[in-house]
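Reminder, nothing fancy here: chain letters follow the sequence lines and each chain counts from 1. Everything numeric in this text was worked out from a predicted model, so none of it was measured.
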Amino acid sequence: MSRGPELIITEKDNAARRIAEILSGGSATAERKNDVNVYKWGGKRCIGLSGHVVGVDFPPEYSDWRDVEPVELIDAPVRKTPTQEGIVSALRTLARNASRVTIATDYDREGELIGKEAYELVREVNEDAPIDRVRFSSITENEVREAFADPDDLDFDLAAAGEARQVIDLTWGAALTRFLSLSARQLGNDFISVGRVQGPTLKLIVDREREIRAFDPEAYWELFGDLSKTGGDPFEAQYFLENDRGNEAERVWDEAVAGTLTEALAAADDAVVDDVRRRTRTDEPPTPFNTTAYIRAAGSLGYSAQRAMSIAEELYTAGYVTYPRTDNTVYPDDLEPRELLEELSGDVAFGDDAASLLDRDDGEIEPTEGDEETTDHPPIHPTGDLPGASDLSDDEREVYELIVRRFLATCAPAAEWERLRVVALANGEATAIANEADPLAALRNPDDAEGTPELAADGGLRLKANGKRLLEAGYHEVYPYRSSDERIVPDVEVGETLSLSGRRTEAKETQPPRRYGQSRLIEEMEKRGVGTKATRHRTLEKLYDRGYVEGDPPRPTRLAESVVEAAEGFAEHVVSEEMTAQLERDMQAIAAGEKGYDEVTAASRELLDRVFEDLTESREAIGDQLQESLKADKTLGPCPECGSDLLVRQSRAGSYFVGCDGYPDCEYTLPLPSTGKPLILDEACDDHDLHHVKMLAGRKTFVHGCPRCKADEADEAEDEVIGACPDCGTGAASPRDEGGETADAGGELAIKRLRSGSRLVGCTRYPDCDYSLPLPRRGEIEVTEETCEEHDLPHLRVHSGDEPWELGCPICNYREFRAREEGSELQTVEGIGERTAEKLEGAGITGVDELKSADPDDLAGDVDGVGPDTVRDWQAKAD
DNA sequence: GCAAGGTC
């Protein structure tokens, strides 16, 4: 047996570094091998993989989509090949002379499989060294030491469960994806994919869209009035009816009854308090963050799921927060909340709040726990290493504070609310009139299957008001992301008379269910067991990339509907969450030794064989349907010249425009705005029968409308001259170019409207002179009497929204705009956020070039809270 | 070029 060093293998570099630190007592040194860190101390080496370093795939003879029938993939062999050559070869080199190997990958099923992959790579070069497995769910001194003191063996059954999943996912995914793509002749980048996770996720979105489309709105009425004590503030109360089962109804489903009740309400000047109920309610602090809860909270701050995960990843690699991909909602025993709170109390933003939790009278700190306790990683929480003032961008800072405050909240006391419910009976004529109405009709909800309930004994017209008051702010003191708004209803007594004013009846309609937002979808996926903490947000991204959903909240395209329909008809399994559930059961059975890998994969292949029997017969019909949908997703409406369809197309340069399906016979086109990606809306133009277009461009998203209307408006609009062109007009200072053309060619500046919908101030001699200044897309532009002395141009005023705003001189405006852009250019440097950029601008640094050429010591003297080293750091990063 | 699952 070899007497070489002992080798420890982890799932990722970060874990390798920390484990080396713990086991070596801090003496480990790092060394690069093939771009991989190897940590070294005494007779030990520790290397981190990068998740799976080998992948499953078919042999190369199956790689041509046209040569191989998709059905052949079902029984094709599946191989494992290295996908991370550098890491694999480093591992082989280290393993060759290792005397012992310890697998320390993550403590979950996928970690066991990654461990087995490492095991096999080791065995290829070293037949003898004993190979152990250690398991721990958080990388802390105690857990790691205990695990290494008592190592275990790899669980080959558990790893085999993971391998079964790999093979089943690959065969189903590849065979069906190729089948759909080939049948619709979509072979380039626009192939049509399906899989065990994207299938049910897409069906979830499409099913909701079907519900929305099938929804039939129902009219109803609600009545309100404002009550007040003498001299007191008014508070809103709502009409309701209560039956003998104690059920309350606020909605009136009959227009005539609503009319009578409105009359009754009008007849009352005051109302007598009939009932006052007061109770306190405990509002428990939130549970620790797992990935899904974190994505949801970041979502309510306006971050997409993708963005939230990438920021968390940054914070993790920088060492400020723990691993962001976790299912766990229970802190490990090792976590000392008191110590962590002490470390956090050093921060300027949340330090006082952290300290306030340490100062509580009862002294005890007992963090909350969620329902999900797993072995993978701890819940996401701050590490206690505080970032410096300029270490984070603004977004990173905001998200970091969210994670910190979530931790604070889990250590904070519950909040206490007082709920106050007041019921008042309208006085005067109201009762008599109200009793004329058929209150049964008022209470009858068409959706209520229980039938008509008995009425409460007393008639009349009753109003209720619900108030809530925060008695103990509790965790809200440290966690401002959940509403702690109060609704004040004053203290009143039974029998007290309140005056009634502000009576109103609101006509409403029932609303269709809402589309799922991104974080809501991820929550649904988790609830249904579809995907994992590390993949759910990526699956969503994939649906966007594949052209299955657009916009936010994601809306399915026609293509998505056709794919789901085709799957429902022929391969229901792949759009059903039951596929994952079944697989999960099989994996449990393999892990428990009750079923074999071969048995499970063979059964899955048989099922896929049967799917293909039906599918093959309908190949053409499915292909036609998919192609039709692909075209429908791009169709705006009829071409005015030839009657074919107008389609959204993309030029070779990448810009979007509207072109005719009859091209090249018909060359009709319309321009689209240059910013954003076009989304075709349901709404259509009455004049041209063309669908409206929305341009998706993040925060700059806007509705363009009917592209033909926009082009017509531009054609009809007169240019409005506002002055001389500074490049070629009267008084222009210098010769324009060496082509002999001189200044003072008589060019004038005019407000112009382009066919693409944008507006600008440009030279009347365009295209000979291309001087131009941008104008906002929205609002009426008024040319005022006021003149800019510097540029001899009128000030402009923009009328959009409620208040007109002053754009001022268009040249000055553009100059300010450019300055702002330059300022924000600073933010492209890692570590510089909005606030830091502002400070730098205050010191006269407005662009990256200026930053690079600045003297670090001088600049540090001019900017608060920034040292020369930080400046040098920025300068290095800006290069 | 297909999936889903790791990690960066």
Side-chain angles (χ1 to χ4, degrees), chain A residues 10-16 35-37 48-58 60 62-74 76 78 80 83-84 86-87 105-118 159 161-182 186-202 291 309-318 323-326 376-377 525 529-543 545-546 571 574 579-580 583-584 587 604 608:
Chain A
T10 69
E11 189 156 323
K12 42 189 171 279
D13 174 62
N14 222 308
D35 248 18
V36 189
N37 288 327
L49 308 177
S50 183
H52 292 287
V53 292
V54 295
V56 289
D57 211 345
F58 302 111
Y62 289 87
S63 59
D64 192 315
W65 291 32
R66 263 174 284 243
D67 279 1
V68 182
E69 280 296 320
V71 70
E72 290 179 54
L73 295 177
I74 300 174
V78 173
K80 277 188 197 180
T83 49
Q84 305 268 5
I87 298 176
T105 47
D106 290 355
Y107 187 8
D108 54 21
R109 184 171 54 221
E110 217 58 25
E112 209 67 22
L113 175 52
I114 291 167
K116 190 200 168 193
E117 289 160 5
E163 287 174 320
R165 178 200 60 71
Q166 287 184 315
V167 167
I168 290 168
D169 282 344
L170 177 65
T171 46
W172 280 76
L176 289 170
T177 294
R178 286 197 196 178
F179 177 88
L180 292 180
S181 304
L182 283 162
Q186 289 284 305
L187 289 189
N189 290 322
D190 300 325
F191 61 86
I192 298 169
S193 67
V194 276
R196 176 177 57 83
V197 174
Q198 34 176 310
T201 307
L202 195 56
T291 302
M309 284 314 289
S310 97
I311 293 175
E313 181 74 35
E314 290 283 327
L315 294 172
Y316 157 69
T317 38
Y323 193 67
R325 293 182 278 268
T326 176
D376 56 355
H377 296 89
M525 291 169 78
V530 170
T532 72
K533 66 221 170 186
T535 59
R536 292 186 194 109
H537 66 280
R538 275 169 26 197
T539 299
L540 209 50
E541 188 70 0
K542 194 173 269 182
L543 298 184
D545 288 348
R546 299 281 197 266
V574 84
M579 181 170 178
T580 295
L583 181 61
E584 200 59 49
M587 285 196 289
S604 177
L608 186 54

Colleague: A/Lys533 and A/Asp376: side-chain contact (heavy atoms from CB on, under 4.5 Å), yes or no, with the steps?
Modeller: CA-CA 11 Å; A/Lys533 66 221 170 186; A/Asp376 56 355; 2.9 Å; yes
Colleague: As an exercise, state the distance from OH of A/Tyr107 to NE2 of A/His377, rounded to the nearest 0.5 Å.
Modeller: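 Here the rounded value is 13.0 Å.
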Colleague: Output the distance between atom CZ (A/Arg538) and atom CG (A/Leu543), rounded to the nearest 0.5 Å.
Modeller: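 Reported to 0.5 Å precision, the distance equals 13.0 Å.
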Colleague: Determine whether A/Tyr323 and A/Asn14 satisfy the following criterion, side-chain contact (heavy atoms from CB on, under 4.5 Å), listing intermediate values before the conclusion.
Modeller: CA-CA 10 Å; A/Tyr323 193 67; A/Asn14 222 308; over 6 Å; no
Colleague: To the nearest 0.5 Å, how far apart are CG in A/Leu113 and CD in A/Gln166?
Modeller: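 A/Leu113 CG to A/Gln166 CD: 5.0 Å, rounded to 0.5 Å.
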Colleague: What string of B, S and - do you get for nucleotides 2-8 of chain B, 5' to 3', when a contact is any protein heavy atom under 4.0 Å?
Modeller: BBBBBBB
